[in-house]
Amino acid sequence: MQPEPITQAEYESQLNRLHERREELEESESTLTSHDHGGGLPADEQNRLARVRAEIADVLQQIGDLQDRWADTGHAKPDPDGALGE
């Protein structure tokens with residue numbers, strides 16, 4: 001099954017949005033980890049940190065999927081570090 005075609009404008013728009021979200025999440029992760037002064041984080045902050053890290057992983061997966069989708073529609077070579085590692 002072939003991926004749905006995507007225009008360059010859609011690709012760039014989605015990629016920029018995902019990178020902005022990744023940066024926001026990484027900033028949140030940094031803020032949360034900066035609160036740990038050697039004694040560990042309280043449970044609620046540990047939960048927030050786990051959710052942020054899970055969302056970062058999801059966004060990174062979406063970036064890889066988008067790059068692979070762009071490549072699969074004939075616009076670029078597959079990224080060896082992409083979602084499928086092709």
Side-chain angles (χ1 to χ4, degrees):
M1 186 168 145
Q2 290 294 323
E4 184 178 324
I6 185 171
T7 67
Q8 183 168 354
E10 290 171 326
Y11 170 74
E12 290 174 359
S13 173
Q14 289 180 29
L15 191 61
N16 287 338
R17 179 184 55 79
L18 289 168
H19 279 297
E20 286 173 8
R21 182 64 182 147
R22 177 189 50 82
E23 289 172 6
E24 291 169 2
L25 290 166
E26 288 174 347
E27 187 174 313
S28 293
E29 178 187 33
S30 178
T31 299
L32 285 166
T33 57
S34 72
H35 294 163
D36 182 359
H37 301 289
L41 293 171
D44 61 332
E45 287 192 12
Q46 287 178 1
N47 292 336
R48 279 190 213 111
L49 182 59
R51 285 191 302 270
V52 166
R53 287 181 173 164
E55 193 170 347
I56 290 172
D58 289 343
V59 168
L60 291 174
Q61 181 67 48
Q62 290 173 27
I63 289 170
D65 290 348
L66 181 63
Q67 290 172 333
D68 287 346
R69 180 177 168 203
W70 179 248
D72 288 346
T73 56
H75 298 303
K77 294 180 184 175
D79 183 352
D81 296 326
L84 301 178
E86 298 177 348

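Counting begins at 1 with the first residue of the sequence.
Taking both residues in full, the closest heavy atoms of W70 and Q8 are given as CH2-CA, 3.4 Å, listed atom of the first, atom of the second, then distance. Considering every non-hydrogen atom in both V59 and L18, the closest pair reads CG1-O, 3.4 Å. Of all the heavy atoms in V52 and L25, the pair that sits closest is CG1-O, 3.4 Å.
R21 pairs with exactly one of E23, R17, E24 by the side chain to side chain contact (heavy atoms under 4.5 Å, CB included) rule, that one being E24.
Atom NE2 of H19 is separated from atom CG of L60 by 9.0 Å, given to the nearest 0.5 angstrom. How far CG of D72 is from CZ of R69: 10.0 Å, rounded to the nearest 0.5 Å. Separating the CD1 atom in I56 from the CZ atom in R51 is a distance of 13.0 Å, to the nearest 0.5 Å. Separation of atoms CG (L32) and CD (E27) is listed at 11.0 Å; rounding is to 0.5 Å.
Using modelled atom types and a 3.5 Å distance limit, the side chains of E20 and N16 yield no donor-acceptor pair. A donor atom on one side chain and an acceptor atom on the other are not found under 3.5 Å apart for Q14 and E10.
Between the side chain of T33 and the main chain of E29, a donor-acceptor pair closer than 3.5 Å is present.
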